[in-house]
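Counting starts at 1 for both ligands and their atoms, following the listed order.
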Amino acid sequence: MKQYKIAVIAGDGIGPEVIDEGIKVLKQVAELDSGFQFNFTYFPWGCEFYTKNGTMMDDDGIEQLKEYDAIYLGAVGFPGVPDHISLWDLLLRIRKGFDQYVNIRPVKLLKGAHLPLVDVRREDIDMLFIRENSEGEYSGAGDWLFKDQEHEVVLQNSVFSRKGTERIIRYAFERAKKDGKSLTSISKANALNYSMVFWDQVFEEVSAEYPEVETASYLVDAAAMLMIKDPKRFEVVVTSNLFGDILTDLGAALAGGIGLAAGANINPERDFPSMFEPIHGSAPDIAGQQISNPLAAIWSASQMLDFFGYETYGKLVLDAVEQLLVEEKVLTPDMNGNSSTSDVGNRVVELINSLV
Ligand code: ATP
Ligand code: MG
């Protein structure tokens with residue numbers, strides 16, 4: 001029997017509550033198949049760990065995580081610890097340390113999830129965002145010149161390498177080809193006259209290798225408008241780190257809200273573990289009350305199943321989530337329900353069993 005070793009970093013705030021429900025779902029799926037099993041190892045990393053140890057994770061954390069098949073992350077960040085520390089000292093260390101250069105975020109309005117207040121049909125909101133996750137605007141390079149002087153100047157550099165740009169665009173073409181979908185590139189070459197001109201050029205070059213994939217290219221400002229006004233234009237979408245960050249939050253609002261949005265940080269070569277997480281944060285305002293919505297964490301568990309090659313089970317989990325949304329009986333307060341976090345997880349498990 002295949003054993004998958006999953007490193008669980010439940011993290012802060014609502015992280016542990018939503019991760020508990022995702023793990024319930026993964027355990028249930030493993031019960032249905034005698035071919036594989038999950039072994040979960042918990043790591044106590046996050047802001048509480050930081051308060052005691054002055055670091056978000058063990059110094060050799062990356063070394064420790066290396067031997068796992070995947071990482072399942074709740075959320076990190078809590079009042080009292082600056083956001084840039086929780087981000088750089090844990091999340092970005094893992095993303096960069098394991099070269100998880102692909103960030104995959106579905107923007108799909110499930111059956112039962114509420115339509116946003118725009119004139120579109122449910123079927124029109126079904127996109128797959130592929131965001132560059134290792135460099136670009138989030139390279140971390142920059143300088144602070146003449147600090148605290150009258151004429152201070154701050155530089156924040158974007159880094160677009162040939163390797164980094166080509167591999168994300170190629171990944172997106174492969175995905176579009178596999179799914180039989182079109183591919184849209186989003187950039188801003190009129191204003192960013194080096195980085196985005198280069199991005200567009202690489203997109204065009206790689207595009208020549210995939211004549212079977214229909215392509216489109218938009219400026220990011222136009223794309224933001226069209227995602228709302230005419231979302232059916234977008235199927236698979238490839239974009240840079242910053243643009244992907246912003247547009248997928250817009251996507252989350254289109255596709256039923258932050259309580260539903262999931263994301264995967266993928267190392268396609270599989271020489272390191274990939275990481276699966278809900279895209280929401282630790283939501284300290286509602287932590288510890290069992291009212292957080294676990295569906296984003298459950299959707300990211302479904303992405304993990306897809307990644308391991310169990311796409312049928314990944315779909316089964318999403319079907320169960322859709323069924324739950326259509327029933328409108330067991331929902332958390334953010335979706336106008338009055339059920340608890342674990343009620344929702346338990347109901348998803350029941351629905352999985354009734355659907356197999
Ligand atoms: P980050 O800095 O990590 O992006 P944030 O503090 O900007 O996070 P979140 O923590 O994602 O934002 O949450 C913003 C608000 O959305 C929360 O205060 C909470 O009210 C709500 N929220 C987020 N996630 C959930 C969830 N899973 N269920 C219910 N409400 C949520
Ligand atoms: Mg926050």
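Near His280, the atoms of ligand 1 lying under 4.0 angstrom from a non-hydrogen atom of the residue are 11 (O), 23 (C), 24 (N), 27 (N). Applying the 4.0 Å criterion to heavy atoms of Ile14 picks out, from ligand 1, the atoms 24 (N), 25 (C), 26 (C), 27 (N). Interface atoms of ligand 1 facing Ser292, defined by a heavy-atom separation under 4.0 Å, are 28 (N).
Taking the six-membered ring for Trp and the full ring otherwise, the centers of Phe243 and Phe129 sit at least 6.0 Å from each other.
For atom 11 (O) of ligand 1, the nearest non-hydrogen atom from the set Gly77, Pro79, Gly281 belongs to Gly281. Among Leu87, Asp334, Ile286, the residue whose heavy atom sits closest to atom 31 (C) of ligand 1 is Ile286.
One finds no salt bridge joining Lys232 and Glu123 here, because no Lys/Arg side-chain nitrogen approaches an Asp/Glu carboxylate oxygen to under 4.0 Å.
Considering backbone and side-chain N/O atoms, Ala283 comes within less than 3.5 Å of an N/O atom of ligand 1. Considering backbone and side-chain atoms together, Val18 places no N or O closer than 3.5 Å to any N or O of ligand 1.
Using a 4.5 Å heavy-atom threshold, the side chains of Glu277 and Asn265 count as touching.
Cation-pi geometry between Lys5 and Tyr68 is satisfied (NZ or CZ under 6.0 Å from the ring centre, within 45° of the ring normal).
In Glu48, the CD atom is not crowded: 12 or fewer heavy atoms of neighbouring residues, nucleotides or ligands sit closer than 6.0 Å.
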Exercise. Show the numbers, then the answer: is there a side chain to side chain contact (heavy atoms under 4.5 Å, CB included) between Thr184 and Arg233?
Key: CA-CA 9 Å; Thr184 298; Arg233 283 174 197 242; over 6 Å; no
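Residue contacts with ligand 1 include Ser282, since one or more of its heavy atoms lies under 4.0 Å from the ligand.
A donor-acceptor contact closer than 3.5 angstrom is absent between the side chains of Tyr50 and Asp89.
Contacts with ligand 1 closer than 4.0 Å are made by side-chain heavy atoms of Asp285 only, the backbone lying farther away. Residue contacts with ligand 1 for Ile291 are absent, since no atom lies close enough (heavy atoms, distance under 4.0 Å).
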